[in-house]
Number of protein chains: 2
Amino acid sequence: MKRASQTKRTTIYDLAEMAGTSASAVSAVLNGNWKKRRISAQLAEKITRLAEEQGYALNMQASVLRRERSKIVGMIVPKYDNRYFGSIVEQFEAMARERGLFPIVTCTRRDPALEIEAARAMLSYQVDCLIATGATDPDRIAEICSAAGVRAVNLDLPGSRVPSVISDNFSGALELTRRVLANCEREFGEKTPLLFVGGRGTDHNTSERVRGFRTAHAETGVAVDETLVLTCGYAPEKAESAMKSLAARVETLPRGMFVNSTISLEGVMRWIRRSGHYTDQVPLLGCFDWDPFVAMLGDHIEMIRQDVPRMLDAVFEIIESGATDAKVIQIPPIVEKIG
Amino acid sequence: MKRASQTKRTTIYDLAEMAGTSASAVSAVLNGNWKKRRISAQLAEKITRLAEEQGYALNMQASVLRRERSKIVGMIVPKYDNRYFGSIVEQFEAMARERGLFPIVTCTRRDPALEIEAARAMLSYQVDCLIATGATDPDRIAEICSAAGVRAVNLDLPGSRVPSVISDNFSGALELTRRVLANCEREFGEKTPLLFVGGRGTDHNTSERVRGFRTAHAETGVAVDETLVLTCGYAPEKAESAMKSLAARVETLPRGMFVNSTISLEGVMRWIRRSGHYTDQVPLLGCFDWDPFVAMLGDHIEMIRQDVPRMLDAVFEIIESGATDAKVIQIPPIVEKIG
DNA sequence: CTCGCTTGCTCAATCGATGAAGCAGCATTG
DNA sequence: CAATGCTGCTTCATCGATTGAGCAAGCGAG
């Protein structure tokens with residue numbers, strides 16, 4: 001009963017002809033509101049069976065064109081190369097599907113131009129709503145969306161035009177720094193300022209984390225060494241070269257570090273292993289992010305894990321409530337136990 | 001000059017009216033074949049400017065509905081939680097965009113039912129072509145696609161109905177096993193059979209890797225211990241419990257292991273660190289997959305990295321050539337240097 | 001002056017699904 | 001017996017972009 005693969009796809013008109021009925025009856029049956037349209041159960045069953053036999057598949061382009069809502073939700077995301085964004089995307093897709101929405105996700109490689117292009121492409125596909133994750137310029141995206149009458153939500157990095165859901169970066173960084181400072185004091189018997197490495201100094205998350213870092217130092221009575229705050233970008237290569245030039249200009253390297261993502265940690269660790277510094281005593285680390293293998297790297301690494309499920313709950317709550325005010329929802333991250 | 005965000009989106013009809021011309025002229029200008037349609041450069045420029053001013057965005061649903069080809073390419077992928085699939089998706093998106101195609105990717109969480117559902121959804125969105133990555137039942141997906149007259153390609157796991165691009169699992173596993181066997185001999189002064197853990201015994205990749213594993217043992221003159229071939233599934237929990245029950249039933253644990261993915265390695269490492277076995281001497285490992293932090297776990301881990309760029313080159317070559325024969329292209333994986 | 005050709009457009013059908021409006025046919029009610 | 005209401009459909013316009021067909025104006029050739 002299989003169609004020849006050459007022929008055009010089966011449409012509701014084909015089914016209507018086969019069933020000896022009209023396309024509109026077929027449509028009503030197949031999209032489930034045949035009760036409302038007063039189609040008899042008999043005809044409904046006949047059409048359903050026929051559709052199945054013929055392997056009928058709805059043409060979403062036609063359907064979306066006609067309807068006012070597309071039920072497509074878009075997300076842009078910077079990268080797929082770490083657990084944080086990976087789980088955001090996975091969770092987003094699952095939650096969208098649960099709600100009968102069709103998720104489309106695209107990765108913009110931290111490229112501002114690509115972000116805009118991707119946002120425009122999604123609007124062309126009539127997304128009902130766009131989630132901008134870790135966007136360089138969330139307000140620009142929000143503006144484009146608003147011009148098209150599409151709702152937008154920021155995730156991970158906040159903006160000022162639409163609602164945002166982010167981690168509580170300050171509290172997370174405060175707690176992480178406290179722990180690393182305490183570990184250093186326990187290990188070395190003296191208080192010592194930490195290194196902060198990774199992230200863009202201009203982004204909100206990084207500046208909040210630096211603030212938490214400073215506050216924890218202040219609490220402990222340790223002066224922050226300003227030459228040790230290296231917001232050099234996230235990429236591993238950038239973190240690596242920041243470490244290299246740090247080592248070139250100071251006489252003693254810091255004994256503890258706050259690394260601002262697993263991405264940056266990759267570069268830091270590479271430098272540590274290649275440079276030959278820290279061979280007698282590994283630095284005590286704190287990483288604002290989580291990865292299972294990092295957790296296995298040793299008992300000298302503390303980690304903060306962002307609470308992706310709760311963040312996405314908040315995102316969907318915003319979408320469903322229809323809220324459009326530019327409030328920022330902060331979700332407390334999780335302190336991962338060492339070992 | 002911004003539109004009120006309440007109003008409907010601008011269409012070619014709106015632009016036509018503003019420009020005092022027809023919708024068909026606008027369409028021709030905006031989709032670039034105005035030369036062919038003999039529209040004057042003057043009018044073309046006027047329309048282009050207007051479209052820009054009004055923030056016009058093409059309605060893809062309408063466009064795709066009318067056109068023959070949608071230029072949408074779909075990919076389904078099992079998970080986003082490891083570097084291998086992450087880079088596949090990232091590369092796929094980049095290559096699709098380079099070619100003027102619109103990529104849509106969805107993750108099916110290794111759930112066979114979800115795979116089928118996702119494939120159907122993509123067909124509803126009129127994809128021109130579907131790439132089934134690591135699918136449980138690639139032939140089923142190929143069948144659904146063929147019924148809709150849509151091209152399909154398998155990636156990572158082969159099928160028998162459409163072209164497939166996979167790693168050369170046998171050679172990779174052979175080389176990996178050789179190295180771990182050699183490491184064991186060097187380290188312990190004697191030849192010893194390895195453990196194989198992770199993967200589904202029924203999947204092609206795993207069985208090819210087991211074959212490479214066996215061949216390397218045979219070459220070296222070591223008998224494979226059949227009780228040490230644990231194809232327990234990929235999930236960390238499965239690998240972990242396989243290790244646990246192995247430890248419960250043997251008196252001495254193997255000194256070297258072949259772990260069939262970073263995913264499984266996560267479980268194996270967790271067990272190693274929690275169980276308290278291997279405290280005096282860490283096992284020498286080989287992992288069929290790559291992750292930067294795994295590479296930093298120590299000098300006792302050999303890794304095989306699948307060559308994602310070459311795999312995707314092959315995929316797009318198939319798509320572009322229009323090949324439909326079920327040949328399997330094997331891409332040699334890369335041996336990662338230790339350290 | 002007329003024929004033929006080019007230029008620069010417009011018209012109208014079309015893609016497939018949707019749903020408001022309408023229309024038979026039958027049953028019930030006062 | 002007319003009026004009313006219900007059931008079970010069908011008809012048709014519509015969403016926005018695309019494209020084959022067609023048409024008017026202009027121009028050069030004969």
Side-chain angles (χ1 to χ4, degrees), chain A residues 7-47 51 54-72 102 123-128 148-149, chain B residues 7-47 51 54-72 102 123-128 148-149:
Chain A
T7 51
K8 287 292 214 186
R9 278 132 115 123
T10 314
T11 70
I12 53 169
Y13 297 93
D14 301 331
L15 294 180
E17 200 179 335
M18 293 179 210
T21 180
S22 72
S24 104
V26 175
S27 170
V29 169
L30 296 180
N31 67 26
N33 55 12
W34 53 279
K35 295 232 156 172
K36 201 178 305 171
R37 307 272 315 265
R38 295 186 314 216
I39 306 291
S40 66
Q42 204 179 49
L43 180 57
E45 210 213 340
K46 180 177 181 184
I47 289 173
Q54 299 297 316
Y56 169 79
L58 177 63
N59 182 328
M60 275 295 173
Q61 310 295 351
S63 177
V64 166
L65 176 60
R66 193 52 179 55
R67 285 174 347 214
E68 93 289 20
R69 288 190 54 216
S70 70
K71 300 196 170 190
I72 304 176
F102 186 80
L123 292 180
S124 271
Y125 282 94
Q126 312 298 111
V127 291
D128 281 337
Chain B
T7 51
K8 288 292 215 186
R9 279 131 114 121
T10 313
T11 70
I12 52 170
Y13 297 93
D14 301 332
L15 293 179
E17 200 178 337
M18 293 177 208
T21 180
S22 72
S24 92
V26 174
S27 170
V29 169
L30 296 180
N31 67 27
N33 55 12
W34 53 279
K35 295 233 157 173
K36 201 179 306 172
R37 308 257 319 175
R38 295 187 314 216
I39 307 291
S40 66
Q42 204 180 49
L43 180 57
E45 210 213 338
K46 181 177 182 185
I47 289 173
Q54 299 297 315
Y56 170 79
L58 177 64
N59 183 326
M60 275 296 173
Q61 321 297 134
S63 177
V64 166
L65 177 59
R66 192 52 181 50
R67 273 168 8 207
E68 180 66 9
R69 292 187 50 217
S70 70
K71 300 194 171 193
I72 303 176
F102 186 80
L123 292 180
S124 271
Y125 282 94
Q126 311 299 110
V127 291
D128 281 337

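Side chains included, hydrogens not; waters and symmetry mates left out as well; all remaining heavy atoms used. Throughout, protein chains are lettered first and strands after them, A, B, ... in sequence-line order, and every chain is numbered starting at 1.
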Any side-chain heavy-atom pair of B/Ile39 and B/Thr21 under 4.5 Å:
no
Report the C-alpha separation of A/Val26 and A/Tyr13 in whole Å, then their side-chain angles, then the decisive distance to 0.1 Å, and conclude whether the side chain to side chain contact (heavy atoms under 4.5 Å, CB included) test is met.
CA-CA 8 Å; A/Val26 175; A/Tyr13 297 93; over 6 Å; no
Tell me if the aromatic rings of A/Tyr125 and B/Phe102 count as close, with their centers under 6.0 Å from one another.
yes
Separation of A/Met60 atom CE from C/dA17 atom P, in whole Å?
10 Å
N or O in side chain of A/Ser40 less than 4.0 angstrom from D/dC9 OP1/OP2
yes
Separation of D/dG20 atom P from B/Ile39 atom CD1, nearest Å, is 14 Å
Verify, without hydrogens or angle tests, whether B/Asn59 (side chain) and B/Ala62 (backbone) share a donor-acceptor contact under 3.5 angstrom.
yes
Using a heavy-atom cut-off of 4.0 Å across all strands, would you classify B/Leu58 as base, sugar-phosphate, or nothing?
sugar-phosphate
In whole Å, what is the span from the CZ atom of B/Arg38 to the C1' atom of D/dT19?
13 Å
Using every non-hydrogen atom in the two residues, find where B/Arg37 and B/Ala28 come nearest and quote the distance to one decimal.
CG-CB, 3.9 Å
In whole angstroms, the gap separating C1' of D/dC9 from CD1 of A/Ile47 amounts to 10 Å
Which atom pair, heavy atoms only, marks the closest approach of B/Trp34 to B/Ala41?
CZ3-CA, 3.7 Å
C/dG16 phosphate, OP1 or OP2, under 4.0 Å from A/Tyr56 side-chain N/O:
no
End-to-end axis angle, where each axis spans five pairs of the helix from C/dC1-D/dG30 to C/dG30-D/dC1, to 10°:
70°
Can you tell me the distance, in whole Å, between the CH2 atom of B/Trp34 and the C1' atom of C/dG8?
12 Å
Quick one: is B/Asn31 getting a side-chain N or O under 4.0 Å of the D/dA17 phosphate, OP1 or OP2?
no
Output the rounded distance in Å from NZ (A/Lys35) to C1' (D/dT7).
14 Å
Between A/Ser124 (side chain only) and B/Leu58 (backbone N and O only), is there a donor and an acceptor less than 3.5 Å apart?
yes
Might you point out which heavy atoms bring B/Ala19 and B/Ile47 nearest each other, and give the distance in Å?
CB-CG1, 4.4 Å
Looking at A/Ser63, does any N or O in its side chain come under 4.0 Å of the phosphate oxygens OP1/OP2 on C/dT18?
yes
So, is A/Thr21 close to the D/dT10 phosphate, meaning a side-chain N or O under 4.0 Å from OP1 or OP2?
yes
Check nucleotides 11-15 of chain D against the protein and report each pair of N or O atoms closer than 3.5 Å, with its distance, or say if there are none.
| unit_1 | atom_1 | unit_2 | atom_2 | d |
| --- | --- | --- | --- | --- |
| D/dT11 | O4 | A/Ser24 | OG | 3.1 |
| D/dT14 | O2 | A/Arg66 | NE | 2.3 |
| D/dT14 | O2 | A/Arg66 | NH2 | 3.3 |

Scan residues 62-72 of chain B for pairs that pass salt bridge (Lys or Arg N to Asp or Glu O under 4.0 Å), counting only residues two or more places apart or in two chains.
A/Lys8-B/Glu68, B/Arg69-B/Asp128
Hey, does A/Leu30 reach any base, or is it just sugar-phosphate, or nothing, if we go heavy atoms under 4.0 Å?
nothing
Quick one: A/Glu68 CD to C/dA20 P, roughly how many Å, whole number?
11 Å
With a 4.5 Å cut-off on side-chain heavy atoms, are B/Leu123 and A/Arg9 touching?
yes
Can you tell me the distance, in whole Å, between the CG atom of A/Asp14 and the C1' atom of C/dG16?
10 Å
